[in-house]
Amino acid sequence: MDFNHTGEQAALADSVRRFCDDNIDLASHRRDGRSPSDTRLWRQIADLGWLGAGLSEEEGGFGGGPVESAIIAEAFGRSLAVEPYVSSAVLSVRTLLASGGSAASLIESIVSGERTVALACCEPEGRGDPSHVSARAERKGGGYRLSGRKSLVLGGANADFHLVSARTSGDVRDDDGVTLFRIERAHPGLRRQDYRLVDRRMACDLWLDDLEVGADAVVGEPDQASGAIREGVDHGIAAICADSLGAMDRALWITRDYLKTRKQFGQTLSSFQALQHRMADMLVELELSRSMLYAALAALALGADKRSRGVSAAKAVIGKAGIFIGQQAIQLHGGIGMTEEYAVGHYYKRLLANASLFGSIDAHIERYAALSGGEPASVLF
Amino acid sequence: MDFNHTGEQAALADSVRRFCDDNIDLASHRRDGRSPSDTRLWRQIADLGWLGAGLSEEEGGFGGGPVESAIIAEAFGRSLAVEPYVSSAVLSVRTLLASGGSAASLIESIVSGERTVALACCEPEGRGDPSHVSARAERKGGGYRLSGRKSLVLGGANADFHLVSARTSGDVRDDDGVTLFRIERAHPGLRRQDYRLVDRRMACDLWLDDLEVGADAVVGEPDQASGAIREGVDHGIAAICADSLGAMDRALWITRDYLKTRKQFGQTLSSFQALQHRMADMLVELELSRSMLYAALAALALGADKRSRGVSAAKAVIGKAGIFIGQQAIQLHGGIGMTEEYAVGHYYKRLLANASLFGSIDAHIERYAALSGGEPASVLF
Amino acid sequence: MDFTIDPAIHDFRRMVRSFIQENLPEEMRRRGERDFDSKESDVRGWMRILNARGWATPNWPEACGGVNWSPLQKFVFQQELRRARAPVLDRVGTDLIGPVLCEFGTDAQRARFLPRIQNGEDWWGQGFSEPDAGSDLASLKTRADLVGDAYVVNGQKIWTTCAQYAQWIFALVRTDFSAKPQKGISFLLIDATSPGVTRRPIESIDGGFTLNEVFFDNVEVPIENLVGEAGKGWDYAKFLLTHERTSSAEAPHTQRDIEQLKLLASNAIKGGRPLLEDPVFRSKVAALEIDVIALEWAVLRILHADPDDPSLNSVASILKMRGNVQRQIVAELAAEALGDYGIAMFLDPDDPDVRAEDHLAPPLEGEAVGVSARAIFRRATSIYGGAAEVQRNIIAKQILGL
Amino acid sequence: MDFTIDPAIHDFRRMVRSFIQENLPEEMRRRGERDFDSKESDVRGWMRILNARGWATPNWPEACGGVNWSPLQKFVFQQELRRARAPVLDRVGTDLIGPVLCEFGTDAQRARFLPRIQNGEDWWGQGFSEPDAGSDLASLKTRADLVGDAYVVNGQKIWTTCAQYAQWIFALVRTDFSAKPQKGISFLLIDATSPGVTRRPIESIDGGFTLNEVFFDNVEVPIENLVGEAGKGWDYAKFLLTHERTSSAEAPHTQRDIEQLKLLASNAIKGGRPLLEDPVFRSKVAALEIDVIALEWAVLRILHADPDDPSLNSVASILKMRGNVQRQIVAELAAEALGDYGIAMFLDPDDPDVRAEDHLAPPLEGEAVGVSARAIFRRATSIYGGAAEVQRNIIAKQILGL
């Protein structure tokens with residue numbers, strides 16, 4: 001166990017952060033709200049090797065793992081980048097890796113940045129839980145006919161293709177019977193409605209209007225995709241937590257700096273003890289969140305249930321902390337914090353969106369409780 | 001609707017408060033922990049007419065109602081009185097009144113202070129909810145044989161007799177089938193274990209060891225006691241809320257005074273903004289609690305469901321506020337607040353006990369939700 | 001003390017309710033469901049309708065056009081307006097400047113301005129805050145120099161709600177730089193269309209444009225538009241801020257929001273059941289409902305108290321603080337109830353300031369449409385009108401004597 | 001960064017666990033279940049047993065009798081002690097004065113005192129706080145005047161935990177009244193049985209007597225009992241306070257309390273089902289569990305950091321603040337789990353200071369016995385060792401630079 005960056009990790013953290021400082025600002029983020037995946041930026045990100053930085057060499061990457069993904073996601077969160085790193089390079093890639101078989105062949109084009117992909121695993125009634133699958137895929141000829149609807153496909157508005165979960169057998173919440181399909185953006189019968197999240201990242205809903213695909217569209221084993229999706233989403237959630245950590249860290253220090261300069265009632269705001277204590281509470285939340293992220297990264301290496309427990313714990317703690325820090329950052333700024341021109345409100349919205357993605361705080365507390373049972377309240381056992 | 005005391009109410013509030021100031025202090029409360037119903041004091045309280053002050057003349061009292069009961073309970077809470085006013089003169093008397101029939105004849109001796117009575121309506125698995133009745137009363141000859149256990153009988157350690165709920169038919173949580181029995185303190189087969197609550201008020205558990213009573217022990221109608229008990233307990237809860245209000249008000253102002261005198265780091269504590277703001281938050285809780293008490297008193301006059309809704313709302317709001325104020329009162333005092341010799345910790349314990357009596361905060365939120373359904377979030381409709 | 005609720009109040013409620021049902025245009029009601037700020041033309045139109053019935057400003061003194069209702073009736077009237085999702089009236093006119101003019105205005109000012117407020121003809125903007133004077137109004141810098149029989153105003157105001165629609169702005173301005181900070185301030189009524197007035201809407205993080213900057217560049221204001229005496233503006237401002245002591249609690253508004261929340265949570269499905277039946281979510285909703293009842297009765301206490309009791313001023317801080325928190329929570333729970341769509345952005349299609357290319361909406365309709373934007377904008381409630389921290393200062397000082 | 005949990009830690013845990021199982025006397029374990037402070041004789045006896053195995057003070061530097069364990073091993077050792085409900089060691093000796101003497105004591109002091117701490121022979125009391133110097137230690141008044149080769153100590157200390165059982169007390173005393181407040185303070189080791197030392201247990205609101213007042217009336221302390229240099233007591237005290245940076249989080253203790261909470265909530269019945277299956281209660285328990293995991297990893301972060309990194313000192317405040325809150329919540333939830341009996345008082349039958357007539361117990365046994373008293377006493381955790389407000393000051397100043 002080692003809590004310090006290796007030399008490579010430090011260099012990665014440094015270069016991603018510098019890249020974001022140089023290339024991403026609030027204005028570009030606003031301007032690009034409509035097409036978040038700026039092709040030039042995305043090309044650069046891929047060329048720098050970051051899309052494969054979170055994968056080992058056997059996995060098709062450059063010798064890293066979840067720690068490296070977290071480093072990148074944190075830097076992107078810190079700079080409010082809207083590039084689809086988490087959706088394409090973590091959520092989707094990790095789902096593909098866990099699917100085994102031919103799925104690996106898709107990874108190369110994603111890691112190279114040639115293609116982007118989005119994981120369409122949620123439905124409105126699932127409320128962020130991908131194990132709720134009511135979209136259906138019926139055998140038709142040698143292939144399948146898909147019908148149903150997927151919601152909040154992160155990065156889906158600009159993805160070249162989608163990984164869509166649909167039920168080939170079983171009931172809505174059965175573990176067995178879920179199959180993953182690769183569907184191209186322009187596939188006939190795939191209807192898309194693009195929208196923005198509150199923080200200007202793009203998402204979409206998909207309607208599968210009796211869409212027909214061949215058997216080669218199946219990713220991994222038919223009927224057996226649940227475990228792979230769960231694993232991919234757990235990795236994705238850990239990356240989202242890292243993204244939140246970057247955002248809350250930055251929101252906190254922006255606020256600190258503001259308090260030190262802004263005057264009211266003839267004093268700088270930083271001299272008011274009530275505000276100092278609020279900031280201290282924010283810092284406690286931040287540090288506990290960072291610790292929790294590390295626990296989640298440790299849990300990713302454990303068996304499925306322990307992994308999901310650790311990830312849900314992190315999603316809940318960091319979700320709650322992020323909303324608290326974001327709200328207090330606005331409050332401590334006063335009116336300026338509510339304006340679109342100023343950064344701090346955008347951090348709040350990023351944190352709000354992250355807290356809700358793939359299940360609310362309460363939903364993850366509930367999942368944690370369901371998985372923990374008589375287990376000790378520790379990741380170490 | 002009138003939020004000001006009438007002349008009589010003001011006089012009552014004033015005289016109860018003066019009486020408590022003159023007769024009750026922390027030392028007496030400690031000394032009397034073992035026998036809270038000091039006979040001399042209780043005699044005086046009865047002679048002053050306060051045991052009937054909360055009843056109309058038709059009800060056997062002196063022209064008052066729940067407002068007058070609340071005035072007395074608030075003053076008792078403010079002075080940490082351990083006298084069994086709420087248990088005997090509100091909980092029990094209101095249950096008797098609601099029971100109708102011959103029950104009224106018992107009220108005279110209670111109002112005169114000649115006898116004290118305790119309502120034994122709770123059981124361990126009911127967790128404060130009197131609608132859980134598993135103790136059984138079986139017909140035997142012309143009378144009944146009772147078996148089972150009752151828990152946390154407030155004022156039960158010193159009561160001359162008990163009103164005990166037992167099931168004459170039906171299942172544990174059925175509304176029908178509950179009968180109320182009057183059982184004398186020394187009745188054969190009635191076993192008692194006395195104990196103190198955290199705040200030194202006395203309570204007891206009762207075991208009904210195949211205890212036999214005649215048919216004349218039945219209070220009100222056989223099988224039909226649920227409604228009366230519920231009504232009595234709702235009145236009792238409102239009085240407990242008033243008791244809490246007195247306690248939290250006093251705890252807050254003691255703390256305010258302490259902050260104004262105590263120095264640390266060369267300044268009086270009252271000059272620290274973080275402590276000022278904490279006290280402001282306490283005051284907000286206090287004022288909302290007082291408002292909520294009035295809402296509950298208004299609700300007592302409404303139909304059963306609306307009454308219980310309003311009372312549960314008050315129990316939840318005031319329970320939570322009381323614990324917050326009590327805890328912060330200790331915290332703002334520092335070490336001295338944790339000592340038995342100092343008053344503020346006793347207020348916390350009083351508030352803690354009150355918050356739990358007849359159901360936890362969450363239990364009352366749950367009852368409120370169950371009763372509210374599609375109703376508006378207002379007592380006024 | 002007597003907390004009996006007079007049953008006649010139910011008749012009053014029914015009367016108000018049926019008036020609204022019969023007179024509120026369906027279009028307005030539908031827009032009212034969506035949680036965006038009410039459309040300007042709807043507010044003006046609805047005020048006209050209410051005014052025709054004599055109900056535009058029931059809280060004003062009767063001599064100024066108020067209604068002789070009991071405090072409870074006035075509260076129930078507000079509840080019914082909110083329940084019906086009627087357009088939210090121009091509060092700056094009805095709750096802020098109106099009462100000030102009733103109390104301190106000249107007969108001429110009252111005759112000129114009050115009827116036009118009641119009839120929705122004049123909207124007002126409030127010019128208190130400045131870039132360097134947010135909660136700290138005593139340090140404001142906008143100046144008004146008396147030149148002949150007119151003040152010449154120079155400076156900048158900020159956070160002026162709906163200034164873009166206003167015909168008039170009332171502003172605190174510094175008329176005497178030699179006096180103590182709070183003594184040299186005067187209260188002016190400024191024609192928003194005067195030369196030299198520039199209004200710039202500020203985009204807020206919910207994508208809306210209700211907030212504004214207002215710049216004054218040598219704006220001439222005739223001396224008859226001074227309220228009361230020069231140098232006493234601070235007193236009038238305090239009167240104004242405390243006069244809204246119960247309305248800032250917004251209890252009826254939160255009660256209406258809870259109804260909507262329960263509707264959304266009944267329609268949302270979680271694990272095959274309505275979300276409202278999920279014990280944890282239901283418990284959060286009920287805890288909020290309960291808290292709002294406490295606030296409702298806190299408001300009733302104040303409404304029934306002697307309005308001249310000075311101790312009530314600081315009580316306004318209590319109501320505002322708690323009311324703000326409740327409004328934030330109810331909006332956040334509504335967003336949570338929407339699940340995935342609680343973090344999807346939907347901008348107000350009726351807001352003329354929203355850029356057309358920004359309208360890119362998730363698949364939502366009806367009640368759910370404005371929910372996420374509202375949840376975000378509500379963060380402002382604990383900032384505007386005196387931030388929560390300032391309210392705590394007031395409570396600590398004025399009530400607790402700390 | 002590498003968060004892989006070395007599987008060898010599981011073997012270590014098993015080894016520790018079986019040692020405890022085989023060596024913890026059943027009587028001690030049973031008393032440990034009850035949540036009262038560990039009985040003095042149990043603590044001494046258990047320290048002797050651990051000391052025989054060489055495990056009495058694993059956190060000390062090896063040269064002083066520590067154990068060459070990894071940070072993770074030390075943490076797991078604490079977890080296992082708590083899980084097994086072993087007596088809670090005399091923290092004042094092992095975590096506070098021990099490390100100070102290792103670092104700043106003379107060889108003679110180390111040789112004289114450390115082995116007796118390890119073997120449970122000497123208990124220590126901490127004499128820092130005074131009636132007028134709670135969180136504000138710089139204003140302490142107890143004085144020590146050097147007369148010949150002894151200090152003569154006069155003054156009063158308060159909140160001294162378990163002073164009634166202590167053989168020794170270490171105290172901050174003022175030796176120089178001319179220096180700046182923090183400069184004139186020295187750190188003395190005082191024989192608690194010396195003439196002139198009076199100890200008075202203070203009853204706390206849980207009915208326990210762990211806190212004490214200690215009075216010094218012309219107490220002679222030989223000069224060889226001065227730690228380090230005169231006038232540097234403040235530095236040693238700071239070292240001491242920050243040295244407990246991870247232990248004050250008490251994560252292993254809270255983890256054990258959660259296990260007990262879940263046991264109690266499984267046995268409690270609500271509506272015919274175990275309370276632990278009630279969604280609202282379960283959610284509160286799970287939220288706490290999760291929060292403790294975050295704290296556990298915050299502790300691991302610090303344990304793995306360079307111990308000389310000065311930035312870690314202020315991090316101790318973070319761990320303490322959150323740890324205190326968790327300890328309070330877990331105790332309150334346990335009381336809530338008991339239902340009616342969560343507000344019934346049960347006093348420690350083994351506490352010799354409790355008056356016999358006060359033992360009047362509700363019908364409880366086993367795990368449930370000490371729960372209500374513990375919930376009440378835990379309010380002190382956010383006061384002692386530097387109140388939460390002082391911790392926030394430290395964080396604001398030292399980490400945030402405010």
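Since we're looking at a predicted model, the values are computed, not measured. In what follows, every chain begins at residue 1, and chains take the letters A, B, ... in the order their sequences are listed.
- Chain A forms more heavy-atom pairs under 4.5 Å with one residue of C/Pro363, C/Ala387, C/Ala268 than with any other, namely C/Pro363.
- In this structure, the portion of C/Tyr341 lying under 4.5 Å from any heavy atom of chain A is its side chain and not its backbone.
- Only the side chain of A/Tyr348 has a heavy atom closer than 4.5 Å to any heavy atom of chain C.
- Heavy atoms closer than 4.5 Å to chain C are found nowhere in A/Ala203, neither backbone nor side chain.
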Exercise. Does the side-chain contact (heavy atoms from CB on, under 4.5 Å) test come out yes or no for A/Glu340 and C/Ile202, once each step is laid out?
Worked result: CA-CA 8 Å; A/Glu340 185 78 6; C/Ile202 301 170; over 6 Å; no
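- Contacts between A/Ile361 and chain C at a heavy-atom distance below 4.5 Å are absent for every atom of the residue.
- C/Leu364 does not touch chain A: none of its heavy atoms, backbone or side chain, sits under 4.5 Å away.
- The backbone N or O of C/Ser382 lies less than 3.5 Å from a partner atom in the side chain of A/Gln331, making a donor-acceptor pair.
- Proximity of a side-chain donor or acceptor of A/Arg127 to a complementary backbone N or O of C/Glu336 within less than 3.5 Å is detected.
- Across every non-hydrogen atom of A/Ser356 and C/Ile343, the tightest pair is CB-CG2, 3.5 Å.
- If you measure heavy-atom distances from A/Ser151 to chain C, the contacts under 4.5 Å come from both the backbone and the side chain.
- With hydrogens and angles ignored, the 3.5 Å screen pairs a side-chain donor or acceptor of A/Gln193 with a backbone N or O of C/Ala361.
- Counting only heavy atoms from C-beta outward, the side chains of A/Arg278 and C/Glu389 approach each other to under 4.5 Å.
- Heavy atoms closer than 4.5 Å to chain A are found in the side chain of C/Glu332, but not in its backbone.
- Proximity to chain C (any heavy atom under 4.5 Å) is restricted, for A/Glu123, to the backbone atoms N, CA, C and O.
- At least one donor-acceptor pair closer than 3.5 Å links the side chain of A/Lys349 to the backbone N or O of C/Ile205.
- Among C/Gly272, C/Ser372, C/Ala337, the residue with the largest count of heavy-atom pairs under 4.5 Å with chain A is C/Ala337.
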